[in-house]
There are 2 protein chains.
Amino acid sequence: MATSIIKNRKQQIHHTAKNLFRERGYAATSMRHIAGELGIEAASLYSHIKSKEEILQLICFELAEQFLKSSDELQRKKLPAKELFRQAVTEHISIITQNMDSSVVFLHEWRHLSEPFLSDFKLMRKRYENFYKNILKAGVEEKSFQIKDDKLTLFVIFSAMNGIHEWFTPKGKLQPEEIAEQMVEVFLNGILKK
Amino acid sequence: MATSIIKNRKQQIHHTAKNLFRERGYAATSMRHIAGELGIEAASLYSHIKSKEEILQLICFELAEQFLKSSDELQRKKLPAKELFRQAVTEHISIITQNMDSSVVFLHEWRHLSEPFLSDFKLMRKRYENFYKNILKAGVEEKSFQIKDDKLTLFVIFSAMNGIHEWFTPKGKLQPEEIAEQMVEVFLNGILKK
DNA sequence: CATCCTAACTAACGGTCGTTAGGCAAATAT
DNA sequence: ATATTTGCCTAACGACCGTTAGTTAGGATG
């Protein structure tokens, strides 16, 4: 039998919170909201979790660790820049599309973290950004890439990948691998007919 | 004398609200916050504005109208797709960089609008998206562009343009025109060395 | 001088927030 | 059979929310 779909209460709470945080934002989601979705009282949530922010922390750091883990693994492969880039984009998009709710929260709600979590989070994000920055730099050094401004190019790529939640639905005709493939194509070759 | 920098209270309130809504989000910004920044009591705000949401409405629709106005003007120029695309991106980025606070609120906080404003807003956004969609379609028909998936390409472009607030600072070395120029270059030709 | 207007104030409204304390019934462990 | 743990409940805490009412000081207008 595959891993059971029935989750324990703690997992249910996290699942519901992810969904509500995504839909209404962290600040606009109350504990009574989350509880209501599960058919219990707000106070009952505290039998399973420590605080509202703890849920946010879990979401943010769980995903941050996934991104960093995947980047560490890719780095160890010692691939040429172009191929590393292709695989990195594919991995990133895979993580996002497999965690649609979490990733929206991860991308937009992290600022509600309190210290020291906020600083830790920013550091992890910086590390991940550097992974991509180094891919671009390596590509330029290998003379595979032609890039005018690192920072601009980096954020064009990140923004495009991280905007997926604005339009992607798992039921649509485009599947994650194809999205990655086509995005890589746009990033590498643009949309101009040659 | 240039237009005075001193604003009346209503303008001051809007200015402060834009800034706080951007920094902390709409839901996490209280009227007492806004008032505090201006050195007055929360209740005093209501001598100048109708409600908290009215401020949000003003921000969202002001910017939506700017985007639509610019797209209408460009459409009337009857340019070839590639040139229209270049100018459209430049205009979009110009509006965003000239309204950094507003545009972040416009992009991320519109969901807190109540009906019927929410539906109106979504419609305006759809209209603007269609403007871009038609540029891409025209480009393909003129055989200037080569595009696998309209929707994906459209949102890659939008996400990249709308992610500018994540990294852009007016004091940085990259100015809006250069950003537009380089983004267009990436969109059209990609980053691969030919 | 008398009147009106403006922009602020204080006080308070009903409501919601995250969270804690304490209790109780059912499930589990001994 | 008894003891313990679990998972919920109700009640409530103090804080803060957006907003309204009523007032007041000061400046502009007649």
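Here is how names work: the chains are called A, B, and so on, in the same order as the sequence lines, proteins then strands, and each is numbered from 1. Just so it is clear, the structure is predicted and the values come from calculations on it, not from any experiment.
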(request) For A:Lys171, enumerate each residue passing the salt bridge (Lys or Arg N to Asp or Glu O under 4.0 Å) test, keeping only those at least two apart in sequence or located in another chain. (result) none
(request) Could you note down all residue pairs passing side-chain hydrogen bond (donor to acceptor under 3.5 Å, both in side chains) where residues 131-147 of chain B supplies at least one of them, sequence neighbours left out? (result) B:Glu142-B:Ser144
(message) Among residues at least two apart in sequence or on other chains, which ones pass side chain to side chain donor-acceptor pair (under 3.5 Å) with A:Tyr128?
(response) A:His92
(message) Which residues pass the salt bridge (Lys or Arg N to Asp or Glu O under 4.0 Å) test with B:Asp120, not counting sequence neighbours?
(response) none
(message) Test: salt bridge (Lys or Arg N to Asp or Glu O under 4.0 Å). Region: residues 94-112 of chain B. Which pairs qualify, not counting sequence neighbours?
(response) A:Glu109-B:Arg111, A:Arg111-B:Glu109, B:Arg22-B:Asp101
(message) Quick test of your reading: applying side-chain hydrogen bond (donor to acceptor under 3.5 Å, both in side chains), list the pairs with at least one residue in residues 68-81 of chain A, sequence neighbours left out, ordered by first then second residue.
(response) A:Lys77-A:Gln87
(message) With the threshold set at under 4.0 Å for non-hydrogen atoms, list the residues of residues 16-38 of chain B touching DNA chain D in residue-number order.
(response) B:Thr29, B:Ser30, B:Met31, B:Arg32
(message) Suppose the criterion is side-chain hydrogen bond (donor to acceptor under 3.5 Å, both in side chains): which pairs have a residue in residues 175-191 of chain B, not counting sequence neighbours?
(response) B:Glu185-B:Asn189
Detail all sub-3.5 Å separations between protein N/O atoms and N/O atoms belonging to nucleotides 6-8 of chain C.
from	atom 1	to	atom 2	distance (Å)
C:dA8	OP1	B:Arg9	NH1	2.4
C:dA8	OP2	B:His48	NE2	2.5
C:dA8	N7	B:Ser47	OG	3.3

(message) Counting only heavy atoms and a strict 4.0 angstrom limit, can you tell me which residues of residues 51-63 of chain B come near DNA chain D?
(response) B:Ser51, B:Lys52
(request) Not counting sequence neighbours, which residues clear side chain to side chain donor-acceptor pair (under 3.5 Å) with A:His48? List them please. (result) none
(request) Rounded to the nearest angstrom, tell me the gap between atom CG in A:Leu45 and atom C1' in D:dC9. (result) 13 Å
(message) Would you say the ring centers of A:Phe168 and B:Phe155 fall short of 6.0 Å from each other?
(response) no
(request) Using atom NE2 of B:His112 as one end and atom C1' of D:dG18 as the other, report the distance to the nearest whole Å. (result) 15 Å
(request) Please list, chain by chain and in numerical order, all residues satisfying salt bridge (Lys or Arg N to Asp or Glu O under 4.0 Å) with A:Arg86, sequence neighbours excluded. (result) A:Glu83
